[in-house]
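The next block holds one structure in the form of structure tokens; read it before the comments.
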Number of protein chains: 2
Amino acid sequence: MDQEILKKYSNVEECPVRNVLDRIGNKWTLLVLLVLEEEKVLRFNELHNYIVTISQKMLSVTLKSLEADGLVKRTIYPQVPPKVEYELTERAQSLLPHIHSLVDWSKDHINDIKASRKNYELVTKK
Amino acid sequence: MDQEILKKYSNVEECPVRNVLDRIGNKWTLLVLLVLEEEKVLRFNELHNYIVTISQKMLSVTLKSLEADGLVKRTIYPQVPPKVEYELTERAQSLLPHIHSLVDWSKDHINDIKASRKNYELVTKK
DNA sequence: CTGCATCCTCAACGATACTG
DNA sequence: CAGTATCGTTGAGGATGCAG
């Protein structure tokens, strides 16, 4: 592995994966993607009802970020009271299979990982 | 998608993916995994030489976390000065293909994503 | 209904110094 | 060589109130 590649990986601005992981790696993005995949089209408050524990602010921030990356399409209906719908773009659809492979791996190994963590705690505690 | 599943996904403690993403989603973990995959076995300072921009503390923290999750094996050679070697476990090997599929997707779409972000900035700026 | 503005907290990250 | 200890910074995330 030459230094040129490493420099790219060390630099968040230049590294493609870090660029993507910095987004889906945060607290809510993945969850929003999975809910939208399941439900196809949802309004702001509908999304909020699905993910009750998210704050209004973070839902707003998360959706904006997804929209900026072209992963979510936002449709405004000019009426009062306003109606806004969110749905996944094709780009998001092409990303989801890879997400799911990671989700599946996590499900398959989470018990082993938690066991490892517990054991590691015991070993290092004293 | 029923509420039971959603509750699990909303709760970091219970959600498998969030458990895993919270680790590999941080600043350095992914990079360490990729370097170790390439180089097989490395000592602490060798790793540091590959990833020059990481601080000693964060390299230490990252390795500890990976070791706790059973993704990295740490071997101490009882000698002076000390010699410690790090290498990936089989669990990490089984995870890496999924990481790579995400890396590849990121490489394929990063230009489009950056273009979207730029365009989004322009549209929302005014 | 769909947000934005503001203020606040806490944990990740970093810089530096020190140690077995 | 391979870390730990300590302190300081910074930004993600959260609570609350207000607005079109």
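This structure is a prediction, so every number in the text was calculated from the model and none was measured.
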Original post:
If you pin B:V84 and A:Q56 to their nearest nucleotides in DNA chain D, which one's is more 5'?
Top reply: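 Its nucleotide being nearer the 5' end, the pick is B:V84.
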If I take atom [atom1] in residue [X] and atom [atom2] in nucleotide [N], what distance separates them, rounded to the nearest angstrom?
X	N	atom1	atom2	value
B:K83	D:dG3	NZ	C1'	17 Å
A:E67	C:dC4	CD	P	10 Å
B:L59	C:dA12	CG	P	17 Å
A:N45	C:dT2	CG	C1'	7 Å
A:I54	D:dG13	CD1	P	9 Å
B:H48	C:dG14	NE2	C1'	12 Å
B:I76	D:dA2	CD1	P	11 Å
B:D22	C:dA11	CG	P	13 Å

**OP:** Verify the contact: side-chain N or O of A:N26 to OP1 or OP2 of D:dA12, cut-off strictly under 4.0 Å; return yes or no.
**Re:**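 A:N26 to D:dA12 OP1/OP2: no side-chain N or O under 4.0 Å.
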Subject >> A:R43 vs C:dC1: side-chain N/O to OP1/OP2 distance below 4.0 Å >> reply: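 So the side chain of A:R43 is outside the cut-off, no N or O lying under 4.0 Å from OP1 or OP2 of C:dC1.
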Which one, [options], comes nearest to the side chain of [X]?
X	options	answer
B:P82	D:dC1, C:dC1, D:dT4	D:dC1
B:K57	C:dC13, D:dA2, D:dT4	C:dC13
A:S60	C:dG14, C:dA17, C:dC4	C:dC4
B:K64	D:dT4, D:dA2, D:dG13	D:dT4
B:Y86	C:dT2, C:dG14, D:dG3	D:dG3
A:R74	D:dC1, C:dT2, C:dG14	C:dT2

Subject >> Hphob cluster co-occupancy, B:Y77 + B:L36, side-chain heavy atoms under 4.5 angstrom >> reply: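 The answer is no; the residues belong to distinct hydrophobic clusters.
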Subject >> In one Ile/Leu/Val/Met/Phe/Trp/Tyr side-chain cluster, 4.5 Å: A:I110, B:L96 >> reply: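 No, A:I110 does not connect to B:L96 through the hydrophobic network.
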Subject >> Side-chain donor/acceptor of A:K27 to base of D:dG13, under 3.5 Å >> reply: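 Flag unset: no donor-acceptor pair detected.
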**OP:** Inspect the contact between A:E85 and A:R43 and indicate whether a charged nitrogen and a carboxylate oxygen are less than 4.0 angstrom apart.
**Re:**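 Salt bridge between A:R43 and A:E85, a charged N being under 4.0 Å from a carboxylate O: no.
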**OP:** Please confirm whether the backbone N or O of A:L102 pairs with a side-chain atom of A:S106, one donor and one acceptor, at under 3.5 Å?
**Re:**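 Confirmed, A:S106 side chain pairs with A:L102 backbone.
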**OP:** Give a yes or no on whether the backbone of A:A115 and the side-chain of A:N119 come within a donor-acceptor separation of less than 3.5 Å.
**Re:**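 Looks like no, no N/O pair under 3.5 Å.
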